[in-house]
Amino acid sequence: MYKRQLQNEPNAISESTLVQEEVYKTVIEGAEPFKCFRDVFPVIKTDSYSVRFVKGQAGSYAEKVAEGAAITVDVQNYTKQDISIEKFGTRPLITNELIEDSLFDVVELELKKAGARMENTLNREVLNKILNGSNKISTNTVDPGAGNHIDVADVASAIAKVKKQNFIPDILVTHPTAEGYLLSDSNLAYVSYAGTSVPLTEGKVPKIMGLTPYTCTATDSSSPTWDDTTGGSDVTALVFSKNDLGVICMRRDITIEQYDDPIHDLVGISVTMRFGTDVLNEKAGCIIYHR
């Protein structure tokens with residue numbers, strides 16, 4: 001009777017649609033705390049399986065022209081780069097017993113875990129391209145030196161290296177350990193130096209030298225690794241220009257499809273997304289090593 005009444009109303013939403021919307025909201029809630037690189041990389045929508053970028057030169061200059069002389073024709077050297085779209089997915093399995101016994105907190109937890117896995121995957125793929133891809137950051141590096149940890153001076157050095165390549169950095173991404181070291185740096189911890197009490201009162205890294213800070217909790221097993229266990233080889237922070245370093249090409253964002261597995265008495269949900277990512281200008285960023 002409930003469904004029939006809904007179908008007879010022109011503006012009604014079916015019961016199944018309501019459930020689907022709630023499931024989607026729960027998955028996105030699980031992804032939200034782990035958002036990082038989708039906020040600091042341009043996200044470009046695409047309807048193709050591959051995206052081509054045409055790149056020009058950075059830091060070009062005009063020539064001096066004498067009075068009455070012809071102006072020199074200057075043509076940039078252009079290169080192309082293709083980014084392929086790949087599919088990623090996970091399946092949180094929920095037993096019918098959980099639903100029958102009204103253990104909806106457990107169901108909610110499984111859905112949130114699925115959202116977290118998807119967002120962690122996006123972050124890991126971007127990190128892998130930045131640190132180990134064919135266009136990885138290799139020219140600009142900062143090493144605090146043996147026995148030292150990242151501090152404000154290292155961030156300043158990274159900014160200088162990026163600016164030297166004719167790019168203006170505006171983003172700082174730190175490993176959780178690096179965030180901790182920066183919060184304990186007297187330049188930020190002391191209100192008289194930092195000019196703000198945010199590090200002490202809220203436990204957040206404030207804007208540093210024009211850089212907006214983010215923390216990425218994803219892990220990467222490649223080498224160099226986004227980690228803090230091996231001094232001199234693990235990467236603990238990134239400084240880069242948001243609009244120049246790289247891009248995320250989103251073919252299809254987080255999508256949810258429901259299916260049933262009667263053989264195992266399970267209610268399954270497929271959570272998938274299709275995207276591609278890569279570094280476009282590796283000189284627009286700098287990596288800071290862990291010591």
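All of these numbers come straight from a predicted model, not from anything done at the bench.
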Would you say the side chain of [Y] lies within less than 4.5 Å of the side chain of [X], judging by non-hydrogen atoms?
X	Y	result
K129	N135	no
F34	L122	no
I85	C249	yes
C286	V142	yes
H149	H290	yes
V173	F240	yes
R251	K87	no
F53	I44	yes

Acceptor/donor pairs from residues 153-163 side chains to any protein atom, 3.5 angstrom cut, sequence neighbours excluded:
| unit_1 | atom_1 | unit_2 | atom_2 | d |
| --- | --- | --- | --- | --- |
| D154 | OD2 | D151 | N | 3.0 |
| S157 | OG | A153 | O | 3.2 |

[X] versus [Y], closest heavy-atom pair with distance:
X	Y	value
G246	P42	O-CD, 3.3 Å
T174	A178	CB-CB, 3.9 Å
K136	E282	O-CB, 3.4 Å

Check whether any side-chain N or O of [X] sits under 3.5 Å from a backbone N or O of [Y] as a donor-acceptor pair, and report yes or no.
X	Y	answer
T255	D253	yes
N140	G285	yes
D185	V152	yes
N281	D244	yes
E29	G115	no
N120	A218	no

Starting from the C-alpha separation in whole Å, work towards a yes-or-no answer on side chain to side chain contact (heavy atoms under 4.5 Å, CB included) for R252 and T272.
CA-CA 8 Å; R252 174 167 49 78; T272 61; 2.8 Å; yes
When you look at L238 and L127, which way does the side chain to side chain contact (heavy atoms under 4.5 Å, CB included) test go after all the steps?
CA-CA 10 Å; L238 300 166; L127 277 174; 4.1 Å; yes
Any chain of hydrophobic side-chain contacts (each under 4.5 Å) joining [X] to [Y]?
X	Y	result
L280	I248	no
V51	M273	no
L131	V247	no
I130	I83	no
Y289	L245	yes

Residues F88, F275; criterion ring-ring contact (aromatic ring centres under 6.0 Å, His included); working and verdict
CA-CA 8 Å; F88 303 87; F275 69 90; 4.7 Å; yes
Using the ring centroid of each side chain, check whether F37 and Y214 are separated by less than 6.0 Å.
no
Show the numbers, then the answer: is there a side chain to side chain contact (heavy atoms under 4.5 Å, CB included) between T90 and M118?
CA-CA 8 Å; T90 184; M118 297 306 295; 3.8 Å; yes
Between E119 and K35, does any NZ, NE, NH1 or NH2 come within less than 4.0 Å of an OD or OE carboxylate oxygen?
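No, this pair does not count.
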